[in-house]
Number of protein chains: 2
Amino acid sequence: MPRPDASLRSFVGYDMKRAFSVIQYDVNAVLMAFGLRMVTFSALVVIRDNPGLRQTRLAQILMIERPNLVLILDDLERADLVLRERCAEDRRAYELSVTEQGAQVCERAVRAVARHDARMTEGLSEAQCQALHRALQLIERKGRTGDDTGSVSRA
Amino acid sequence: MPRPDASLRSFVGYDMKRAFSVIQYDVNAVLMAFGLRMVTFSALVVIRDNPGLRQTRLAQILMIERPNLVLILDDLERADLVLRERCAEDRRAYELSVTEQGAQVCERAVRAVARHDARMTEGLSEAQCQALHRALQLIERKGRTGDDTGSVSRA
DNA sequence: TATTGTTATACTCTATAACTATA
DNA sequence: TATAGTTATAGAGTATAACAATA
């Protein structure tokens with residue numbers, strides 16, 4: 001047997017866990033320069049693209065629990081990247097938006113992560129890279145119970 | 001924008017995190033029937049394939065820290081699936097091996113995970129599935145500092 | 001009564017320092 | 001002194017129950 005873990009290499013879950021742990025480590029290193037982690041980065045990008053978003057909906061989109069999102073937003077608000085504003089129609093809710101600084105940091109962080117992504121997939125053709133994305137999204141759909149079909153209000 | 005997280009979908013890390021969380025949840029559900037988790041399953045398979053393995057080497061293979069492996073092996077030993085036997089040449093070390101029961105559980109768990117794997121990649125051709133494995137392993141190698149070249153003693 | 005955001009909490013995973021026993 | 005396995009511990013990440021304010 002060439003590798004001591006050869007048996008496990010036939011399972012996508014094993015290869016994916018290893019590949020992901022490598023990516024996670026690297027991306028977090030890239031994002032640290034912006035004071036961000038993977039989750040706070042993801043939240044920042046989605047809020048920028050969907051201004052007026054409410055927390056419950058954002059939690060659905062990112063597939064995280066509402067209580068966990070609170071700390072993520074506290075983090076982003078403390079760094080002056082995101083605003084929570086009381087919703088006029090429903091005063092229980094907040095409307096989320098990025099600040100001017102948040103938009104700038106988001107833009108630069110996206111570019112940095114894109115550069116890192118390019119380095120990680122270096123050696124794959126454009127077609128192979130697209131095939132990878134499609135395969136991952138197909139696998140994600142297999143496990144979905146999910147109602148991620150709803151549209152999001154845009155300002 | 002079709003999806004609220006469309007910007008993030010261009011990053012392999014994002015697609016991979018979501019696909020992996022789906023797989024992890026599912027595979028853990030499959031393994032629960034055998035009293036195993038993903039890590040204990042991985043350890044069991046590698047020990048079966050590399051009898052006489054020492055803990056430090058197993059930790060390297062699975063890319064986990066030695067202290068964390070201890071609890072994993074405690075778990076496997078308590079379930080009578082794995083044996084720790086004092087090494088004759090070096091009495092600090094243990095030689096790891098699977099019990100008769102461990103071999104049987106391993107065999108059946110491998111088959112169950114393989115069936116689940118087939119379901120997850122259903123819709124991908126054989127070639128596409130191989131391409132997925134190759135892409136994931138390529139990404140893993142990008143982040144390696146690593147010395148995973150050493151061979152493992154086989155009984 | 002139900003929902004939004006929140007608090008408190010617990011459980012897993014992961015990472016590091018320091019210990020013991022052997023070498 | 002260095003190494004193998006271990007202990008203790010701390011930090012993330014993640015999950016659930018229950019609360020206050022509002023609907």
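Here is how names work: the chains are called A, B, and so on, in the same order as the sequence lines, proteins then strands, and each is numbered from 1. Just so it is clear, the model here is predicted, and its values are computed rather than measured.
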What I'd like to find out is whether the side chain of B:Thr121 reaches to under 4.5 Å of the side chain of A:Leu138, using heavy atoms alone.
no

Out of D:dG5, C:dA17, C:dT3, minimum distance to the side chain of A:Arg92 belongs to C:dT3

Check whether any side-chain nitrogen or oxygen of B:Arg57 sits under 4.0 Å from OP1 or OP2 of D:dT3, and answer yes or no.
no

Quick one: on DNA chain D, does B:Asn68 or A:Leu71 contact a more 5' nucleotide (nearest heavy atom)?
B:Asn68

List the atom of A:Ala135, the atom of B:Leu132, and the distance in Å for their closest heavy-atom pair.
CB-CD1, 4.1 Å

Nearest of C:dT4, D:dA4, D:dT7 to any side-chain atom of A:Thr56?
C:dT4

Ion pair A:Arg54/A:Glu95, N-O distance below 4.0 Å
no

A:Gln55 side chain near C:dT6 phosphate (N/O to OP1/OP2, under 4.0 Å)
yes

Go nucleotide by nucleotide along DNA chain D from the 5' end; which of B:Glu95 and A:Ile64 gets its closest nucleotide reached first?
B:Glu95

For A:Asp15, is there an ion pair with B:Arg134 - N to carboxylate O distance below 4.0 angstrom?
no

Tell me: CZ of B:Phe41 to C1' of C:dC13, nearest whole Å?
19 Å

Shared hydrophobic cluster, A:Tyr14 / B:Met38 (ILVMFWY, side-chain heavy atoms < 4.5 Å)
yes

Within this structure, what is the CD1-to-C1' distance between A:Ile72 and C:dT6, rounded to whole angstrom?
14 Å

Would one find a side-chain N or O of A:Lys17 under 4.0 angstrom from OP1 or OP2 of C:dT14?
yes

Scan B:Arg91 against the nucleic acid and name what it touches under 4.0 Å (heavy atoms): base, sugar-phosphate only, or nothing.
sugar-phosphate

Value in whole Å for how far the P atom of C:dT16 lies from CG of B:Leu69
16 Å

Pick base, sugar-phosphate or nothing for A:Asp90, based on heavy-atom distances below 4.0 Å to the nucleic acid.
sugar-phosphate

What integer distance in Å separates B:Arg18:CZ from D:dT14:P?
12 Å

Nearest-Å distance, CZ (A:Arg37) to C1' (D:dT14)?
12 Å

Between C1' of D:dG13 and OH of B:Tyr25, the distance in whole Å:
17 Å

Between A:Ala93 and B:Arg66, the residue closer to the 5' end of DNA chain C by nearest nucleotide is A:Ala93

Closest listed nucleotide, where the reference is the side chain of B:Val70 and the choices are C:dG5, C:dT14, D:dT7
D:dT7

Once you apply a heavy-atom cut-off of 4.0 Å, does A:Glu65 come out as touching a base, just sugar-phosphate, or nothing?
base

To the nearest Å, how far apart are B:Glu89 CD and C:dT22 P?
16 Å

Counting only side-chain nitrogens and oxygens, does A:Arg86 get under 4.0 Å of the OP1 or OP2 atom of C:dT4?
no

When every non-hydrogen atom of A:Val30 is compared with those of A:Val113, the smallest separation belongs to CG1-N, 4.4 Å

Expressed in angstrom and rounded to an integer, what is the separation of A:Asp74 atom CG from C:dT7 atom C1'?
11 Å

